[in-house]
Number of protein chains: 2
Amino acid sequence: MAEQSVRRGRPGYDLESLLAIAVKLFNERGYDGTSMEELSRRLGITKSAIYHHVTSKEELLRLAMDRALDGLFAVTLEARSQEGRAIDRLEHVVRRSVAVLVERLPFVTLLLRVRGNTKVERAALARRREFDQLVTDLVKQAAADGDLRSDIDPSVTSRLLFGMINSVIEWYRPRGDITQDALADAVCTLAFSGLRVH
Amino acid sequence: MAEQSVRRGRPGYDLESLLAIAVKLFNERGYDGTSMEELSRRLGITKSAIYHHVTSKEELLRLAMDRALDGLFAVTLEARSQEGRAIDRLEHVVRRSVAVLVERLPFVTLLLRVRGNTKVERAALARRREFDQLVTDLVKQAAADGDLRSDIDPSVTSRLLFGMINSVIEWYRPRGDITQDALADAVCTLAFSGLRVH
DNA sequence: GCTGGCTGACCGACTGTTCGGTTAAGAATG
DNA sequence: CATTCTTAACCGAACAGTCGGTCAGCCAGC
């Protein structure tokens, strides 16, 4: 596991460590609300030094969102190559999505808040829509199988379902006492069985 | 119901009509991502004309968020003065919250996206937290009554529940074929009974 | 003629970005 | 060992453009 290659050159930030701090700040203040000046202060280096690692502010955003999108797309690839009932595959997608959300929390957070102001943002939104489509298809299939209630429109169901999942970024912090598995269990229980005692 | 007082002076925008367009643009581009110049272009008047109606950009934000918060707080006041089992009062809060979300969609949307960069934003976040607390208390009470499942932490439950509700702002548009009541039904069914067929 | 809405020119501060030069480390050379 | 080379990160000053906001005065309708 020791991928500890010796760092050459002057010590300091590399792209990864810089990106981590940048994304954290973007999530605190919002992407548009964060200036490069402010970021440089947080990093403890000058504004111009940032441009040694990255060609523009927007590239920071792109890099971050790609990390989130790559994780989510790995889930869809998994789901597509899977067998079994749609409802079971749906539950698997939900569990894996929660995992990606938790493991790449800052990146996904940034992704979910993008408004589509620039080309980069619109491209990210387009990839997100692809993901949503897969989930909606699964919900439709499971409803057709008779495993999911058919009294609610599948697209409404999938939107509310992923609304619940995505809301995790607003409050979940890995440091806390809730493990990733416990969170996934809570989400699945609530989503599939509801919160009322029957 | 005719509150149609006669408009005097030169015809044009008043505060309300200006605010409506401003909030719409803020939601499209994000508050920080929208410049007063851009807003003036959308309004069809000059930048300085905006300052005839409002003292600052932030006041637009404050006015909008207050409209959302006032609606949500009316729900909590209702809930506090209500009798009956906690689970029934919780369902009522959920239904009324969906109603407020739909009726004041643009204002609530703006509220839910604020990051806390300024005093105005932090004050709004504080009021939001008060609202969340009421819901969490209701969930706790309902769990203590034995009406709600006790295998999930009440604060997690309430967060996921309102994550689902709040996600409505991301996709629901009143123009569509889903009525407000149908939406509230879908939310309550999904939240309380889950999406699996039993 | 008063009220309410608007214009156009302007300000200082801040924006993201560029550029030429510098500094600190490991690696190669003698 | 000391020297030079290479790599990688950084600084300071400046750029053109945009930001939110101001002010004195103009204009349309009851």
Side-chain angles (χ1 to χ4, degrees), chain A residues 2-23 25-26 28-65 110 114-115 117-121, chain B residues 2-23 25-26 28-65 110 114-115 117-121:
Chain A
E3 240 254 69
Q4 193 80 16
S5 73
V6 193
R7 284 275 298 278
R8 298 191 49 172
R10 184 176 173 176
Y13 291 102
D14 61 353
L15 180 58
E16 212 59 34
S17 55
L18 187 143
L19 184 63
I21 295 182
V23 170
L25 190 59
F26 286 162
E28 281 173 32
R29 303 282 233 244
Y31 174 73
D32 286 317
T34 308
S35 69
M36 294 298 268
E37 175 83 38
E38 205 175 348
L39 174 57
S40 75
R41 250 180 280 136
R42 176 71 69 102
L43 289 164
I45 58 179
T46 48
K47 217 170 28 156
S48 56
I50 301 173
Y51 289 89
H52 172 72
H53 300 277
V54 90
T55 65
S56 68
K57 186 186 179 187
E58 210 171 3
E59 192 182 2
L60 282 170
L61 181 63
R62 193 177 51 76
L63 287 169
M65 292 195 303
L110 198 55
V114 124
R115 307 297 327 145
N117 288 348
T118 64
K119 265 189 189 171
V120 171
E121 297 187 15
Chain B
E3 239 252 71
Q4 193 82 16
S5 75
V6 193
R7 286 274 298 278
R8 303 189 48 174
R10 183 175 174 179
Y13 291 103
D14 62 353
L15 179 57
E16 213 57 36
S17 55
L18 187 143
L19 183 63
I21 296 183
V23 170
L25 189 59
F26 286 162
E28 282 173 29
R29 303 281 235 242
Y31 174 73
D32 286 318
T34 308
S35 69
M36 294 298 267
E37 175 84 38
E38 205 175 349
L39 174 57
S40 75
R41 252 179 279 136
R42 175 72 69 102
L43 289 163
I45 57 178
T46 48
K47 205 171 45 153
S48 53
I50 301 173
Y51 288 90
H52 173 72
H53 299 276
V54 91
T55 66
S56 67
K57 186 187 181 186
E58 211 172 4
E59 192 183 1
L60 283 170
L61 182 61
R62 192 177 50 76
L63 287 169
M65 293 196 302
L110 197 55
V114 125
R115 307 297 328 142
N117 287 348
T118 64
K119 266 190 190 169
V120 171
E121 297 187 15

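These numbers come from a predicted model, not from an experiment. A, B, ... follow the sequence lines: proteins, then strands. Residue 1 opens every chain.
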**Student:** Nearest whole Å is fine: how far is D:dA28 P from B:Ile45 CD1?
**Tutor:** 16 Å
**Student:** How long is the line joining NZ of A:Lys57 and C1' of C:dT18, in whole Å?
**Tutor:** 17 Å
**Student:** What are the two closest non-hydrogen atoms of B:Val120 and B:Arg62, and how far apart are they?
**Tutor:** CG1-CB, 3.7 Å
**Student:** What heavy-atom pair brings B:Ile45 and B:Ala49 nearest, and what distance separates the two atoms?
**Tutor:** CD1-CB, 3.7 Å
**Student:** Quick test of your reading of the model: are B:Arg115 and B:Glu121 salt-bridged, counting only N-O distances below 4.0 Å?
**Tutor:** no
**Student:** Between D:dC10 atom P and A:Arg10 atom CZ, what is the distance in whole Å?
**Tutor:** 7 Å
**Student:** Just to confirm, is there a sub-4.0 Å distance from OP1 or OP2 of C:dT17 to any side-chain nitrogen or oxygen of A:Tyr51?
**Tutor:** yes
**Student:** To the nearest Å, give me how far apart CD (B:Glu37) and P (C:dC10) are.
**Tutor:** 16 Å
**Student:** Between the side chains of B:Glu59 and B:Thr55, does any donor sit under 3.5 Å from an acceptor?
**Tutor:** yes
**Student:** For A:Met36 and D:dC11, give me the distance from atom CE to atom P, rounded to whole Å.
**Tutor:** 14 Å
**Student:** Select base, sugar-phosphate, or nothing to describe what A:Ser40 touches, counting heavy atoms under 4.0 Å on all strands.
**Tutor:** nothing
**Student:** Checking all strands, does A:Thr34 fall into the base, sugar-phosphate, or nothing category for heavy-atom contacts under 4.0 angstrom?
**Tutor:** sugar-phosphate
**Student:** Give a yes or no on whether a donor-acceptor pair under 3.5 Å exists between the nucleobase atoms of D:dG12, that is its base, and the side chain of A:Thr46.
**Tutor:** no
**Student:** May I ask you to say what B:Ser35 touches in the nucleic acid, namely base, sugar-phosphate or nothing, with a heavy-atom cut-off under 4.0 Å?
**Tutor:** sugar-phosphate
**Student:** Taking only side-chain nitrogens and oxygens of A:Tyr13, does any of them come within less than 4.0 Å of OP1 or OP2 of D:dA9?
**Tutor:** no
**Student:** Whole angstroms only, please: what is the NE2-C1' distance between B:His52 and D:dT22?
**Tutor:** 15 Å
**Student:** Whole-Å distance between D:dG12 P and A:Ile50 CD1?
**Tutor:** 14 Å
**Student:** To the nearest angstrom, how far is B:His53 atom NE2 from C:dT7 atom P?
**Tutor:** 10 Å
**Student:** If you assign each of B:Leu15 and B:Ser48 to its closest nucleotide in DNA chain C, which residue comes earlier from the 5' end?
**Tutor:** B:Leu15
**Student:** Between B:Tyr13 and B:Leu43, which heavy-atom pair has the shortest distance, and what is it?
**Tutor:** OH-O, 2.6 Å
**Student:** What about A:Lys47, does its side chain sit under 3.5 Å from the base of C:dG16 through a donor-acceptor pair?
**Tutor:** yes
